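First comes the structure, then the notes that go with it.
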Amino acid sequence: MSKLNLYYLKPSSSKNLYSPDDPDELRREELCLQLAENLHDLGVSDFSRETRTGNARFIIRVVRA
């Protein structure tokens, strides 16, 4: 299996920095890995999606390395 890299944009404020002990961050990590694995199983090598929720905008990008 190829190594997968997942890139996504996050707010740049210091209170939103990655924390491996944050349960929400751990859940996001898990969901991102599931997405990457599912796309890999489908044979997708490059996937981008913009999602909006409320006033927040998220760009999700998965690229097979």
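Quantities reported herein were computed from a predicted structural model and do not represent experimental measurements. These values consider heavy atoms only, across backbone and side chains, with no hydrogens, waters or symmetry-generated copies.
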(Q) Restricting to side-chain hydrogen bond (donor to acceptor under 3.5 Å, both in side chains), what partner residues turn up for Asn55, sequence neighbours left out? (A) none

**Q.** For Ser48, side-chain hydrogen bond (donor to acceptor under 3.5 Å, both in side chains) partners two or more places apart
**A.** Arg61

Q. Mind checking whether Ile60 and Leu35 have side chains closer than 4.5 Å, heavy atoms only?
A. yes

Q) Mind checking what makes salt bridge (Lys or Arg N to Asp or Glu O under 4.0 Å) contact with Glu30, not counting sequence neighbours? A) Arg27

Q: Enter the distance from Arg49:CZ to Leu39:CG here, rounded to the nearest 0.5 Å.
A: 9.5 Å

Q | Interatomic distance, Gln34 atom CD to Glu37 atom CD [nearest 0.5 angstrom] | A | 7.5 Å

Q.
Testing the basics here: between Arg28 and Asp22, what is the closest heavy-atom pair and its distance to 0.1 Å?
A. NH2-OD2, 4.1 Å

